[in-house]
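Beneath this line is the structure, given in structure tokens, with notes to follow.
A quick note: this is a predicted structure, and the numbers were derived from the prediction, not measured. First the proteins, then the strands, lettered A, B, ... as listed; each starts at 1.
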There are 2 protein chains.
Amino acid sequence: MLTIGTLARKTGTKVQTIRYYEQIGLMHVPGRTSGGQRRYYDHDLDRLSFIRHGRQLGFSLNAIRELLALADNPKQSCANADSIARKQLLQVDQRLLRLKALKKELKRMITDCECNRVADCKVLEVLRDHSNCLTDHEAIGA
Amino acid sequence: MLTIGTLARKTGTKVQTIRYYEQIGLMHVPGRTSGGQRRYYDHDLDRLSFIRHGRQLGFSLNAIRELLALADNPKQSCANADSIARKQLLQVDQRLLRLKALKKELKRMITDCECNRVADCKVLEVLRDHSNCLTDHEAIGA
DNA sequence: CGTAAAATCTATAGTAACTATAGGTATAGG
DNA sequence: CCTATACCTATAGTTACTATAGATTTTACG
């Protein structure tokens, strides 16, 4: 019998976040003590770990919801899980590209900036000048 | 005299987003036609480009607000702008590390998964098993 | 057993950065 | 002049939490 605080500590999740996961139907509704406090079993801990691990891997809660549904029905084909992971990998690659470009530009901003007045500050100049950056207006992926 | 739509097209911003920037005080309040429509000057376009560029570089709207304030007072020292950029670089480096680890794990999931039934699907297995991942419970940076 | 601190409870609101919708008005082109 | 397109406001929704207030429960100690 685990309290919500124990679950939180073991998975690095905030207590509120666990309640939130229950509210949106990601975590099962747990039993309660006579006083109304939630008590969990080990399988709840496993489920929460699965969710948190998925989040760390960048999966959205919806993707995780799908993956959990798959994991709950072990007789299906795993093509779905595979396709979710592949979609994720594509997104990760795009984010990596953007971040690398960003890092380069930030470094340029910083190393170039040895001035004293804002008037000729490279940091601001780089922001003013769009010419060096990704030309397409793609989404600013979070 | 530019319409809001033109500004939007030229910067790859949604019209609503421009109005939102005005609402939160990032964009100046523009003049209006007799009919009540917003009309902009080139300096508004510049300001919006600056904002969007900052966003593409991963700066938060608050950071951009600070940078705009600096850019508006060209007599100050640029140490502030520099420190904002440096903070940003640190964050970017952290995100890069996480994303690289993530990519590795996603690839492992995908290449290992040649099964047919969910029962032995590597994708789900990897999610179940936390042992290979970042051990600390750090924030799932967006 | 009594008490006090720590943990838990619910409900609600706030965060970031937009995005979408509904219902109505303005403007530009033919 | 008419109509299609663009624009207007106001409000609500999105994602994934996080924070707060005020009340109740549980646990640990003496």
Exercise. When you get a sec, tell me which of D:dC7, C:dT10, D:dT25 is the closest nucleotide to the side chain of A:T33?
Key: D:dT25
Quiz item: In this structure, which one of B:R52, B:R47, B:H28 forms a side-chain hydrogen bond (donor to acceptor under 3.5 Å, both in side chains) with B:Y21?
Solution: B:R52
Quiz item: Given D:dT26, C:dT8, D:dC8, which nucleotide is nearest the side-chain atoms of A:T3?
Solution: C:dT8
Quiz item: Rounded to the nearest 0.5 Å, how far does CD1 of B:I24 lie from CD of B:E22?
Solution: 11.0 Å
Quiz item: If each of A:R19 and B:S34 is mapped to the nucleotide of DNA chain C with the nearest heavy atom, which maps nearer the 5' terminus, i.e. the 5' end?
Solution: A:R19
Quiz item: Does some side-chain heavy atom of A:T17 sit less than 4.5 Å from a side-chain heavy atom of A:R55?
Solution: no
Quiz item: How long is the span from the CG atom in A:D46 to the CG atom in A:D42, to the nearest 0.5 Å?
Solution: 6.5 Å
Practice problem: Please figure out whether B:G35 or A:Y21 has its closest DNA chain D nucleotide nearer the 5' end. | Solution: B:G35
Quiz item: If you find the nucleotide of DNA chain C closest to B:N62 and the one closest to B:G36, which residue's nucleotide is nearer the 5' end?
Solution: B:N62
Quiz item: From the list C:dA17, D:dC7, D:dT20, which nucleotide is the closest neighbour of the side chain of B:S60?
Solution: C:dA17
Quiz item: Rounded to whole angstrom units, what separation is found between the CG atom of A:L2 and the P atom of C:dT8?
Solution: 11 Å
Quiz item: Taking the side chain of A:T17 as its heavy atoms from C-beta onward, which of D:dC7, C:dA20, D:dT18 lies nearest to it?
Solution: D:dT18
Quiz item: Which nucleotide, C:dT19, C:dA17, D:dC8, lies nearest any side-chain atom of B:Q37?
Solution: D:dC8
Practice problem: Grab the OH-P distance between A:Y20 and C:dT15 for me, whole Å please. | Solution: 17 Å
Quiz item: Atom CD1 of A:I4 and atom C1' of C:dT8: how far apart are they, to the nearest Å?
Solution: 8 Å
